[in-house]
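Basis for what follows: all heavy atoms, side chains included, without hydrogens, waters or symmetry-related copies. Atoms within a ligand are numbered from 1 in the order they appear, just like the ligands themselves. Residues take their numbers from the sequence shown, with the count starting at 1.
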Amino acid sequence: MTAQLIDGNRLSQTLRAEVARTTESLRAQGLQPGLAVLLVGEDPASQVYVRNKVKACEDVGFFSVLERLPANLSEADLLARVAALNHDPRIHGILVQLPLPPQINAQRVIESIAPEKDVDGFHVANAGALLTGLPGYWPCTPHGCMKMLESIGYNLRGKHAVVIGRSNIVGKPMALMLLQQNATVTICHSATANLRELTLQADVVVAAVGKRRVLTADMVKPGAVVIDVGMNRDEAGKLCGDVDFAGVSQVASYITPVPGGVGPMTITMLLVNTLASAQRTHS
Ligand code: GUN
């Protein structure tokens with residue numbers, strides 16, 4: 001079997017066109033959604049990510065500001081920047097790009113963002129809302145994965161979903177979203193003893209570890225849906241995911257590519273969250 005691709009670029013285009021249309025009508029009413037992105041230091045991957053985020057904002061008609069701050073910035077200075085943005089009426093979403101330099105406590109900075117402007121969905125108030133099923137912002141990457149499953153009309157009810165990875169940004173919220181759709185969910189991680197045994201039972205596998213070839217063809221049940229959240233480089237320096245794409249695509253029914261899969265969906269969901277935040281201030 002050769003798996004069908006779930007094309008994150010194409011799905012993003014559709015969703016971003018919707019965001020752009022809604023933005024146009026909001027702007028006609030005098031409201032322009034605004035996102036502030038704070039980048040501390042010069043991590044090369046982070047620079048690419050924030051550039052893509054700001055460009056995506058411009059493309060859909062948002063107001064956006066990118067603040068590049070020095071790597072030796074103090075935590076107090078970063079907290080002061082966030083506090084100012086919390087009170088800035090032009091700004092509906094605040095994103096502090098992670099990772100932060102070691103002198104800054106990332107969790108303290110995240111908790112300083114007003115929850116209603118936390119479009120990353122990392123604040124404990126939003127994490128708690130997801131946990132309990134209350135309204136709030138969902139982290140963009142797992143939310144994008146859910147949109148990809150929705151795009152193929154996949155019904156998760158009663159299905160076994162295996163999430164590999166337990167980060168606060170992807171693995172844990174992913175598991176909660178799958179659970180909310182009535183899947184039976186297993187979370188695997190670095191201490192999991194029998195990973196292959198578990199993934200072989202999965203109808204859906206989400207690989208979110210950040211390591212190449214975490215999931216190979218011999219670990220996948222024929223016909224499973226495979227979502228690859230990884231963003232790694234192979235021996236030749238080429239972008240690749242956590243999944244052995246060549247092998248797994250012979251076994252799975254659907255698979256997301258890297259690049260062009262989950263990556264663009266993360267940014268798309270950031271736009272969706274920022275738009276929702278702007279709309280909330282309006283209503
Ligand atoms: N670093 C890697 N992914 C993300 C993300 O989704 N949001 C933020 N703020 N930082 C990240």
**OP:** Just need the protein heavy atom nearest to atom 8 (C) of ligand 1, so name the residue and atom and give the distance.
**Re:** Asp120 OD2, 3.4 Å

**OP:** State, to 0.1 Å, how close Met231 and Gly263 come at their nearest heavy-atom pair, and which atoms those are.
**Re:** CE-CA, 4.4 Å

Original post:
Under 3.5 Å, N or O to N or O, is Gln97 touching ligand 1 that way?
Top reply: yes

Original post:
Within 45° of the ring axis of Tyr154 and under 6.0 Å from its six-membered ring centre, is that where the NZ or CZ of Lys159 lies?
Top reply: yes

Original post:
At a 4.0 Å threshold, what atoms of ligand 1 neighbour a non-hydrogen atom of Leu95?
Top reply: 9 (N)

Original post:
Salt bridge check: are Lys55 and Asp59 linked by an N-O gap of less than 4.0 Å?
Top reply: yes

Original post:
If every non-hydrogen atom of Leu156 is compared with every non-hydrogen atom of Met146, which pair is closest and at what distance?
Top reply: CD1-CE, 3.8 Å

Subject >> Sub-4.0 Å heavy-atom contact, Ile169 with ligand 1 >> reply: no

Original post:
How far is atom 1 (N) of ligand 1 from its nearest protein heavy atom, and which residue and atom name does that atom have?
Top reply: Leu98 O, 2.9 Å

Original post:
Below 3.5 angstrom, do we get any N/O pair linking Val96 and ligand 1?
Top reply: yes

Original post:
Which pair of heavy atoms, one from Ala56 and one from Arg16, lies closest together, and at what distance?
Top reply: CB-NH1, 3.6 Å

**OP:** Give the minimum heavy-atom separation between Thr132 and Gly128, together with the two atoms involved.
**Re:** OG1-O, 2.7 Å

Subject >> ligand 1 contact by Phe122, heavy-atom criterion under 4.0 angstrom >> reply: yes

